[in-house]
Amino acid sequence: MDNSTSLSEFLLLGLVDSFIARHFLFLLCLLIYILTLTGNLSVLSVIITDVRLQTPMYFFLSNLAVLDLASSTTTVPRLLSDFFREKKSISKTQCILQLFFFLTFISTETFLLAAMSFDRYTAICHPLHYTEIMQWKVCIQVLVAVWVVGILYSLLYTLSTLNLSFCGPNNIQNFFCDLRQLLELSCNSNFLNILLIFLFGGVLGLTAFLITFLPYIKILMTVLKIKTTEGRTKAFSTCTSHLTIVLIFYSTSAINYFHPNTSHFSPGRHVSLVYAVFVPVLNPLTSLAVVLRIDCNSERSVGYSGEL
């Protein structure tokens, strides 16, 4: 236990050791980060300046852009600087803080995607009652609840790591401090922490998952009843973009946090690269595609009801 109390820093192993691969990934990640910043800032600026986009749907999209900016900035700048560091050390305090903020933004995004799914369900399946249901007061209350749950969700896991003892080695098999890797380094019994992940995390995660995906069954049934091909195409295109991001987000997160701990299957940092670096740049691309569709419509009602 003397080693555990003296351990004050971790070593991030990064992505690759090869000189050529390291420089290639640096340029790739730098390009993706620049696209993430410009894409999400563009989404925010367009939604804020265009009065036609002052609707609940775009309100949630703008908050999704904020979360993508925050989550990406939590990990990518450190990743870019570590490409040229011999010793990629990070203090225990910095590691815990990075874990807290990353989990906060990721978990908040999870519940925000569920709220966005409900918004699209209401707009497509109940267009006549959309403005009555999705009032601005309701949207703000939903957003506050999403952030509160996300912060509490992250705080629970972050506080659980403070009770861990680290006896060494201190090598984190990732390019940032993530929960699973910290649990693997702990010399404590991880039974309670793992149980916490599967029970509490599983319950909330499953709830968000169901709220996100179940409405699409009704959405699909409603869209198939649309008589015009143009109406079906527009509804499917906007829903497909959202559903694609959700599938990538959920699949990579599930693989990273819930895969069995075996020597034959350890996706680790490569899967983390997808949902920590690539997903934040996909969201603004699909959001901009949705936003730009307004230029093709001379008339527009709230949400998706105008497309129906």
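The figures here come from the full heavy-atom set of this structure, side chains too, leaving out hydrogens, waters and symmetry mates.
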Any donor-acceptor N/O pair, Gln54 side chain to Ile47 backbone, under 3.5 Å:
yes
Take Gln173 and Leu185 through the side-chain contact (heavy atoms from CB on, under 4.5 Å) test and state the conclusion after the steps.
CA-CA 10 Å; Gln173 300 283 340; Leu185 290 180; over 6 Å; no
Do Lys218 and Ile124 have side chains that get closer than 4.5 Å, going by heavy atoms?
no
Ignoring hydrogens and geometry, is there a side-chain-to-backbone donor-acceptor pair from Asn40 to Thr36 under 3.5 Å?
yes
Minimum heavy-atom separation for Phe175 and Leu12, please, with both atom names.
O-CD1, 3.7 Å
Between Leu112 and Asn63 the two heavy atoms that sit nearest each other are CD2-C, 3.8 Å
Do any N or O atoms from the side chain of Asn283 and from the backbone of Ala65 form a donor-acceptor pair under 3.5 angstrom?
no
Give the minimum heavy-atom separation between Val76 and Ala276, together with the two atoms involved.
CG2-O, 4.4 Å
Is Met134 close to Phe59 at the side-chain level, that is, under 4.5 Å between some pair of heavy atoms?
no
Rounded to the nearest 0.5 Å, what's the gap from OH on Tyr216 to OG1 on Thr222? Could you check?
13.0 Å
Side-chain heavy atoms of Arg52 within contact of Tyr58, under 4.5 Å
no
In Å and rounded to the nearest 0.5 Å, what is the CG to CD1 distance from Leu11 to Ile172?
8.5 Å
Do you know which two heavy atoms are closest between Asp119 and Pro56, and how far apart they sit?
OD1-CB, 3.9 Å
Heavy-atom side-chain proximity of Ile219 to Cys125 below 4.5 angstrom
yes
For the pair Ser72 (side chain) and Leu69 (backbone), establish whether a donor and an acceptor sit closer than 3.5 Å, ignoring hydrogens and angles.
no
Under 3.5 Å, is there a donor-acceptor pair between the side chain of Ser154 and the main chain of Leu103?
no
Side-chain (Gln135) to main-chain (Thr131) donor-acceptor, under 3.5 angstrom
no
Shortest non-hydrogen pair, Lys88 vs Leu13, comes out as CD-C, 4.5 Å
Measure the shortest side-chain to side-chain distance between Thr73 and Tyr33 over non-hydrogen atoms and say whether it is less than 4.5 angstrom.
yes
Quick one: which residue pairs count as a salt bridge (Lys or Arg N to Asp or Glu O under 4.0 Å) with a foot in residues 72-81, not counting sequence neighbours?
Arg78-Asp82
Heavy atoms of Leu210 and Pro215 approach each other most closely as O-CD, 3.7 Å
Once salt bridge (charged side-chain N to carboxylate O under 4.0 Å, His left out) is applied, do any residues pair with Arg22, and if so which ones, sequence neighbours excluded?
none
Between Ser45 and Ser42 (side chain of the first, backbone of the second, donor and acceptor by atom type, cut-off under 3.5 Å), is there such a pair?
yes
Rounded at 0.5 Å granularity, tell me how far CZ in Phe101 sits from CZ in Phe176.
15.0 Å
Inter-residue atom distance Ser117.OG - Phe213.CZ, 0.5 Å rounding:
8.5 Å
Tell me whether Gln98 contacts the main-chain N or O of Thr74 through its side chain, where contact means a donor paired with an acceptor under 3.5 Å.
yes
Partners passing salt bridge (charged side-chain N to carboxylate O under 4.0 Å, His left out) against Lys137 (at least two apart in sequence or in another chain):
none
Do the non-hydrogen side-chain atoms of Thr38 and Leu41 ever get within less than 4.5 Å of each other?
no
Once rounded to the nearest 0.5 Å, what's the spacing between atom CD1 of Ile32 and atom CG of Leu27?
11.0 Å
Is the Tyr121 to His126 ring centre distance short of 6.0 Å?
yes
Could you tell me the separation between the CG atom of Leu30 and the CD1 atom of Ile34, rounded to the nearest 0.5 Å?
4.0 Å
